[in-house]
Protein chains: 2
Amino acid sequence: MDSAVARERALDAAEDLFYGRGVQAVGMDAVRTASGLSLKRLYQLFPAKEHLVEAYLDRRDERWRGRLAAHVAGHADPRRRLLAVFDWLEGWFAEPGFRGCAWINAYGELGATAPGVAERVRAHKEAFRDYLAGLVADAGLPAALTGPLFLLAEGAMVTAGVTRSSAPAAEAREAARLLLGSAA
Amino acid sequence: MDSAVARERALDAAEDLFYGRGVQAVGMDAVRTASGLSLKRLYQLFPAKEHLVEAYLDRRDERWRGRLAAHVAGHADPRRRLLAVFDWLEGWFAEPGFRGCAWINAYGELGATAPGVAERVRAHKEAFRDYLAGLVADAGLPAALTGPLFLLAEGAMVTAGVTRSSAPAAEAREAARLLLGSAA
DNA sequence: CCAGTCGGAGAACGATCGTTCTCCAGTGTC
DNA sequence: GACACTGGAGAACGATCGTTCTCCGACTGG
């Protein structure tokens with residue numbers, strides 16, 4: 001089997017399991033079984049579990065931000081694009097198997113002990129914040145609005161994860177609408 | 001030694017370690033050493049690690065909400081009391097050893113596998129939200145403001161934890177001020 | 001002073017997990 | 001057909017961890 005294909009299979013299995021149950025609750029044996037790869041192959045591709053975890057976060061980061069950007073790109077009006085971020089969050093929260101933000105979860109689990117994970121969480125959150133900042137600038141809104149919008153989104157992710165509900169997205173969107181209005 | 005005293009010592013050690021390094025990264029041996037208790041005594045007080053973890057969350061919940069309420073009670077004006085929540089968060093974020101919200105971290109670590117932990121996280125967040133709802137009502141503000149304020153606070157906790165900065169509290173407070181103003 | 005009990009220190013046990021190793025079937029080459 | 005090689009299945013190893021057990025010193029009541 002092509003090693004690129006094997007890598008994707010490993011990451012598919014790892015993502016399902018790590019995201020669904022937590023990193024530490026999933027052994028390499030479970031990844032082996034779920035991926036259909038041999039342990040030997042798995043360790044050829046990722047010399048240690050830590051590498052697999054980091055690759056999981058990296059690939060998910062790319063996909064997550066890509067999906068968000070693709071959804072937002074479907075709207076033309078710059079102010080509408082900002083609100084579309086919260087629409088997308090709502091859809092994400094409602095997906096089966098949603099279990100909160102993978103990075104916040106990973107940070108709670110490994111942030112204190114795995115520097116590679118902590119660094120990726122910071123990078124992911126910073127990238128998301130920068131993305132929001134770009135949308136704010138494109139809408140001609142004051143840059144100071146970025147922080148609050150980012151905090152609303154983060155709060156919605158956490159709350160949706162803990163309560164297993166997509167309602168926080170709508171709350172956050174309404175608050176965002178108010179903030180945008182007050183800055184008009 | 002009085003068993004009530006021993007219990008407090010165990011919880012003091014557990015809180016330091018669990019909060020600072022994560023629950024799974026801390027073995028019962030570390031709690032034993034840090035508390036100065038014997039393993040036998042520890043298991044008499046808490047028949048399993050799970051019990052200790054839950055007791056840690058319970059005691060911290062009581063203290064956390066108590067400290068917040070005490071700070072807020074120092075302000076008379078009902079609208080000022082709402083903003084005082086964010087002042088208090090800022091002070092908390094700046095404390096040495098701050099490492100984010102203990103419940104969000106615990107949820108990321110154990111939410112999927114430990115129902116007792118997940119339940120406590122939900123209860124804690126719901127209690128905090130209810131507390132905010134009370135402040136909103138006392139200020140004669142529309143109840144719909146509770147959600148956004150709660151999300152801002154949650155977002156600030158997560159972001160402060162990940163970035164190791166207390167700045168998110170000020171951002172959240174400014175956003176809250178705007179929301180309060182727009183609802184005046 | 002002594003039998004009995006309690007609690008402390010830490011060794012021991014059993015399970016789990018990350019990682020490596022062994023064995024072997026299948027394959028391509030001469 | 002013999003041989004070297006690759007990769008798979010899963011046993012094995014070493015470490016860690018939650019939990020229990022053993023041993024021993026210290027204290028109590030007579």
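Throughout, a chain's letter reflects where its sequence line sits, starting with A, and its residues are numbered from 1. Keep in mind that what you see is a predicted model, and the values were worked out from it rather than measured.
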May I have the step-by-step check of side chain to side chain contact (heavy atoms under 4.5 Å, CB included) for A:Leu141 and A:Leu82, ending in yes or no? CA-CA 11 Å; A:Leu141 291 160; A:Leu82 261 173; 3.6 Å; yes
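- Across C:dG18, D:dG8, D:dG18, the shortest atom-to-atom separation from the side chain of B:Tyr43 is found for D:dG18.
- Contact record, B:Leu42 with B:Ala10: CD1-CB, 3.7 Å, taken as the closest heavy-atom pair.
- Taking all atoms of both residues into account, the shortest heavy-atom contact from A:Pro148 to B:Leu152 is O-CD2, 3.9 Å.
- Nucleic acid contact for A:Val26: sugar-phosphate only, since backbone atoms but no base atoms lie under 4.0 Å from a heavy atom of the residue.
- Rounding to whole angstrom units, CZ of residue A:Phe46 and C1' of C:dT20 are separated by 19 Å.
- Nucleotide C:dT20 holds its P atom 15 Å from the NZ atom of A:Lys49, rounded to whole Å.
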In B/S/- notation, 5' to 3', how is nucleotides 9-14 of chain C contacted by protein heavy atoms closer than 4.0 Å? -BB---
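- For the pair A:Leu45 CG and C:dT19 C1', the computed distance is 15 Å after rounding to whole Å.
- A cation-pi contact, defined as under 6.0 Å to the ring centre and within 45° of the axis, links B:Arg60 to B:Tyr19.
- Rounded to whole Å, atom P of D:dC17 lies 15 Å from atom CG of B:Leu52.
- D:dG18 atom P lies 12 Å from atom CD of B:Glu50, rounded to whole Å.
- When the P atom of D:dG18 is taken as reference, atom CD of B:Gln24 falls 9 Å away, rounded to whole Å.
- No donor-acceptor distance shorter than 3.5 angstrom exists from the side chain of A:Tyr56 to the backbone of A:Ala13, with no hydrogens or angles considered.
- Under a 4.0 Å N-O distance rule, the pair A:Arg9/A:Asp2 does not qualify as a salt bridge.
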